[in-house]
Amino acid sequence: YTIRSNAQYNVTKSIRIGENLSYSVIDNPRITILSEGNAVSMAYRQQPIVPVHDIMGNYAGSFSTNGAQLGQAVNAVAQRERTANNKGLGYRLFGNVFAEIDLFKDFTVRSSFGGENYSFRGRWFNYPTYENAENSNSNSYSENGGTGYNWTWTNTITYHHTFGSHDIKVVAGTEAYNNAGNYFEGNTKDYFSFDPNYTTLGTGASDPTHTSSRYADALTSLIGRIDYSYMGKYLLSGTIRRDGSSKFLNHTYGVFPAISAGWRISDENFMKSITWLTDLKIRGSWGIMGNQFNVSSGNSFTTYDSDKG
């Protein structure tokens, strides 16, 4: 379920403000529809000779006492019915707000703040099985949950001026990003009753386990860009960023430049006779990129590791 709001207001001729917000409630039945062992996958893998229920009304499956080879697929109906009371619920607030001001003739100042705040919780029960070629005799109940947020605050000033056949645009700004969250999960085994009103982490008989984690990281950037165009045909662009990430301990900051050049051939006079071609541009670029997405937020704490073996 989602509700959205999107609006922009012209306070004056030179001042604009706006927002884009959405709030979602996610009801996830936790049926693992995208996993390899989901019910849809099992339905087409199951042997057609295997019924849903046996003559006693119990779930039927690939279990055999006479050595029959009926495969390893599980009863898809049993799988769905056993997960009927597994629940997951999430909440997410997402959006951004901005303000723009035109200064003098060629300058625009913009500030934008956006992000999300979310939370989730879930519960699921693993039933013992008897009808499959590979069964599990144990039962267990699990709960999990977590909260988190992230935000991005961007501030830029833009200079844009056209004189004759020349067009120049210069952007300078700063950007800050912050991200944090936590997760927990608990598990308990051996319940004498499988009633969902009874099963909690405290009512199981054995092997209670739990785990938790949390993360936090931040990124700060200085941004510069210049775009130049002559007659709309000859294009030059240069960009430079200086990014600092909390994920790196010894090399926190990096500088990443990029340049590009383009030629819109379709605007040249010798191309006017080619009527079937409306736009043709050649563009080349060079740059240095950085990446921190394959690095965990705890990377700066794991410069050294231990081997207990």
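This structure is a prediction, so every number in the text was calculated from the model and none was measured. Computed over heavy atoms, backbone and side chain alike; hydrogens, waters and symmetry mates excluded.
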Contact summary for Glu131 and Ala78, nearest pair of heavy atoms: OE2-CB, 3.9 Å
Check: Ser24/Thr2 side-chain N/O donor and acceptor closer than 3.5 Å: yes
Worked check of salt bridge (charged side-chain N to carboxylate O under 4.0 Å, His left out) between Glu143 and Arg121: CA-CA 7 Å; Glu143 287 187 16; Arg121 65 177 187 271; over 6 Å; no
Intermediate values then yes/no, side chain to side chain donor-acceptor pair (under 3.5 Å), Tyr59 and His53: CA-CA 4 Å; Tyr59 292 126; His53 298 94; 5.3 Å; no
Partners passing side-chain hydrogen bond (donor to acceptor under 3.5 Å, both in side chains) against Tyr177 (at least two apart in sequence or in another chain): none
Shortest non-hydrogen contact between Asp207 and Lys189, atoms and distance: OD2-CD, 3.9 Å
Non-hydrogen atoms of Thr188 and Ser206 that approach each other most closely: CG2-O, 3.6 Å
Minimal non-hydrogen separation, Tyr253 against Gly244, with atom names: CD2-CA, 3.4 Å
For residues 102-113, dump all side-chain donor-acceptor pairs below 3.5 Å to protein atoms at least two apart in sequence or in another chain.
from	atom 1	to	atom 2	distance (Å)
Asp102	OD1	Arg16	NH2	3.1
Asp102	OD1	Thr108	OG1	3.0
Asp102	OD2	Arg16	NH1	3.0
Asp106	OD2	His161	ND1	3.1
Arg110	NH1	Glu100	OE2	2.8
Ser111	OG	Trp153	NE1	3.1
Ser111	OG	Asn155	OD1	2.7

Geometric cation-pi criterion, Arg123 with Tyr141: 6.0 Å, 45°: no
Partner residues of Tyr198 under the ring-ring contact (aromatic ring centres under 6.0 Å, His included) criterion, sequence neighbours left out: Phe192
Ala205 backbone acceptor or donor facing Asp190 side chain under 3.5 Å: no
Thr211 and Glu185: side chain donor to acceptor below 3.5 Å: no
Geometric cation-pi criterion Arg80 and Tyr127, 6.0 Å radius, 45° cone: no
Salt bridge flag under 4.0 Å for residues Arg264 and Asp279: yes
Plane angle bin for Tyr23 and Tyr91 - parallel if under 30°, tilted between 30 and 60°, otherwise perpendicular: parallel
Closest heavy-atom pair and its distance - Asn75, Ala60: ND2-O, 2.7 Å
Side chain Asn132, main chain Asn135, donor-acceptor under 3.5 Å: no
Parallel, tilted or perpendicular: ring planes of Trp263 versus Phe270, cut at 30 and 60 degrees: perpendicular
Under 3.5 Å side-chain donor-acceptor pair for Asp217 and Ser246: no
Test: Glu116 and Arg92 ion pair at under 4.0 Å: yes
Carboxylate-amine/guanidinium proximity below 4.0 Å for Arg225 and Asp227: yes
